[in-house]
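Each chain gets a letter, A, B and so on, in the order the sequences are listed, and its residues count up from 1.
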Number of protein chains: 2
Amino acid sequence: MKTVSKTQYTISQFAALVNLTPYTLRYYESLGLLKPKRDQAQRRYYEKQDIAWIDFLRHLKGTGMTMTELQKYVRLRAQGDQTIKERISLLQKVEAKGQTKIKELNKNLQIVQHKLDWYRDKLQGKIAENEDFGSYLAKFKE
Amino acid sequence: MKTVSKTQYTISQFAALVNLTPYTLRYYESLGLLKPKRDQAQRRYYEKQDIAWIDFLRHLKGTGMTMTELQKYVRLRAQGDQTIKERISLLQKVEAKGQTKIKELNKNLQIVQHKLDWYRDKLQGKIAENEDFGSYLAKFKE
DNA sequence: TTAAATCTTATAGTTTACTCTAAGTCAAGT
DNA sequence: ACTTGACTTAGAGTAAACTATAAGATTTAA
């Protein structure tokens with residue numbers, strides 16, 4: 001049996017590593033999203049696997065989850081395997097919302113693209129002086 | 001020549017129509033995003049075409065544009081056709097940012113999907129007791 | 001005539017997610 | 001010995017985009 005010494009980071013080292021501030025790390029911890037270990041002097045230290053956890057949190061946040069939702073997820077996790085079904089349904093909702101978000105973003109971007117086309121046509125004099133964007137857009141309605 | 005009477009909405013009628021509040025409409029106006037006409041008594045009234053404008057603003061906002069950016073766009077618009085090129089480059093940036101946003105959202109949702117798969121595999125006992133999500137994820141790295 | 005709606009300006013409150021300061025304690029490195 | 005960094009609790013500040021209140025004036029529909 002071999003003992004391997006694990007890399008430990010202080011809060012400011014770790015903050016730099018994951019592009020957050022010590023303030024933010026303590027804030028997340030206060031919300032229950034992190035629980036770094038402590039040394040003999042009660043100072044936090046972070047390890048390699050904490051990077052992966054932060055990354056995962058970021059992905060969840062990036063889907064639009066609020067801090068409160070993250071807290072709920074983390075609370076379930078802490079309760080062990082019997083909450084896996086609940087976690088699944090939580091993440092399914094997250095996924096569904098995310099897909100909706102993408103669709104809406106796409107729709108909004110399409111309008112922007114049409115507007116860009118309209119401007120370019122207008123610059124080329126390809127648009128009747130009195131045709132406005134509204135009637136132009138109407139052409140693209142299915 | 002025929003005179004057609006146009007529908008006019010009071011601020012609260014219009015607010016209900018576009019799902020905003022009178023507060024918000026005045027707020028938008030204070031930012032220069034709207035300029036409703038006024039009646040003899042200086043009360044705002046809105047018309048059909050204002051609905052289209054609100055919709056367009058919503059699409060722009062929906063891409064992630066801030067109020068400040070919207071203000072800039074509206075200011076350019078008010079300056080007339082000589083700002084069309086500038087408006088084009090503004091909207092192009094909006095579009096580029098939006099595409100980036102979609103890519104990121106997709107990446108984040110993929111991670112969520114992997115996590116869901118992992119949970120489902122785990123529920124089925126298909127995952128080694130000691131395999132964590134990190135090593136599971138590693139399988140999907142290109 | 002009176003209640004309801006609108007107007008104005010100015011200011012305050014709300015929410016989310018940080019971000020920072022204060023103020024005092026403690027421990028480790030040079 | 002001393003500077004540096006970390007710790008604590010509590011609370012304040014920031015930014016965005018609303019949302020609301022106050023307070024007084026005016027107008028209009030019933």
Side-chain angles (χ1 to χ4, degrees), chain A residues 7-47 50 53-75 94 97 101 104 108, chain B residues 7-47 50 53-75 94 97 101 104 108:
Chain A
T7 322
Q8 295 182 0
Y9 305 97
T10 67
I11 192 165
S12 44
Q13 287 168 340
F14 187 71
L17 197 59
V18 296
N19 259 301
L20 293 173
T21 64
Y23 295 132
T24 306
L25 288 172
R26 292 197 198 94
Y27 170 64
Y28 281 6
E29 188 178 340
S30 77
L31 299 180
L33 305 181
L34 304 171
K35 317 187 193 39
K37 297 189 186 135
R38 303 297 183 113
D39 67 11
Q40 339 65 256
Q42 287 309 111
R43 280 173 311 199
R44 295 164 179 84
Y45 68 84
Y46 301 81
E47 294 168 301
D50 295 321
W53 176 239
I54 292 278
D55 283 345
F56 183 57
L57 285 182
R58 270 208 243 265
H59 288 303
L60 291 184
K61 265 188 48 101
T63 64
M65 276 179 85
T66 63
M67 294 291 121
T68 310
E69 291 170 312
L70 287 177
Q71 283 181 297
K72 187 179 177 185
Y73 176 75
V74 170
R75 253 182 260 120
V94 165
K97 269 195 188 174
K101 230 178 160 181
E104 279 166 5
N108 293 327
Chain B
T7 322
Q8 296 183 0
Y9 305 96
T10 68
I11 192 166
S12 44
Q13 287 169 339
F14 187 71
L17 197 59
V18 297
N19 258 301
L20 293 174
T21 65
Y23 295 133
T24 306
L25 288 173
R26 292 196 200 94
Y27 170 63
Y28 281 5
E29 188 178 342
S30 78
L31 298 180
L33 304 183
L34 304 172
K35 314 187 196 38
K37 298 187 185 137
R38 305 297 183 114
D39 65 13
Q40 339 67 254
Q42 286 310 110
R43 278 171 312 196
R44 295 162 179 85
Y45 68 84
Y46 301 81
E47 293 167 303
D50 295 320
W53 176 238
I54 292 277
D55 283 345
F56 184 57
L57 285 182
R58 270 209 244 263
H59 289 302
L60 292 183
K61 268 190 45 106
T63 64
M65 277 179 84
T66 63
M67 294 291 122
T68 311
E69 290 170 311
L70 286 177
Q71 283 180 297
K72 188 180 175 185
Y73 177 74
V74 170
R75 255 182 259 119
V94 166
K97 270 195 188 175
K101 230 178 161 184
E104 279 166 5
N108 293 327

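For the pair B/Met67 and B/Tyr28, the minimum side-chain heavy-atom distance is below 4.5 Å. Residues A/Tyr45 and A/Glu47 have side chains in contact (heavy-atom distance under 4.5 Å, counting atoms from C-beta outward).
Of the possible donor and acceptor atoms, none in the side chain of A/Glu29 sits under 3.5 Å from a partner among the backbone N and O of A/Pro36. Put simply, the side chain of B/Glu69 gets close to the backbone of B/Thr66: a donor and an acceptor are under 3.5 Å apart. Remark: side-chain polar atoms of B/Glu104 are not paired, donor with acceptor, to backbone N or O of A/Gly62 under 3.5 angstrom.
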Tabulate atom names and distances for all N/O pairs under 3.5 angstrom spanning the protein and nucleotides 24-30 of chain D.
residue	atom	partner	partner atom	Å
D/dT28	OP1	B/Arg43	NH2	3.3

Begin from the C-alpha positions of A/Leu25 and A/Leu34 and carry the test side-chain contact (heavy atoms from CB on, under 4.5 Å) through to its verdict.
CA-CA 8 Å; A/Leu25 288 172; A/Leu34 304 171; 3.8 Å; yes
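Dashed line: the shortest gap from a side-chain N or O of A/Lys61 to OP1 or OP2 of C/dC18 is under 4.0 Å. In terms of phosphate contacts, B/Thr68 brings no side-chain nitrogen or oxygen within less than 4.0 Å of OP1 or OP2 of D/dA16.
When rounded to the nearest whole Å, the span between CD of A/Gln42 and C1' of D/dA6 equals 12 Å. Taking atom CG on A/Leu70 and atom P on C/dT16, their separation rounds to 13 Å, with Å as the unit. The separation between A/Tyr46 atom OH and D/dA6 atom C1' is 11 Å, rounded to whole Å. Whole-Å rounding puts the B/Leu57 CG to D/dA17 P distance at 13 Å. C/dA28 atom C1' lies 17 Å from atom OH of A/Tyr45, rounded to whole Å.
Taking the six-membered ring for Trp and thresholds of 30 and 60 degrees, B/Trp53 and B/Tyr73 have nearly parallel ring planes, at less than 30 degrees apart. Note on ring orientation: taking the six-membered ring where Trp is involved, the planes of A/Phe14 and A/Tyr9 are tilted (angle from 30° to 60°).
A heavy atom lying under 4.0 Å from DNA chain C marks the following residues of residues 15-38 of chain B, by number: B/Arg26, B/Arg38.
With sequence neighbours excluded, the residues forming a side-chain contact (heavy atoms from CB on, under 4.5 Å) with A/Arg26 are A/Ile11, A/Pro22, A/Tyr23, A/Arg44, listed by chain and number.
Comparing D/dC18, D/dA6, C/dA17 by their nearest atom to the side chain of A/Ile11 picks out D/dA6.
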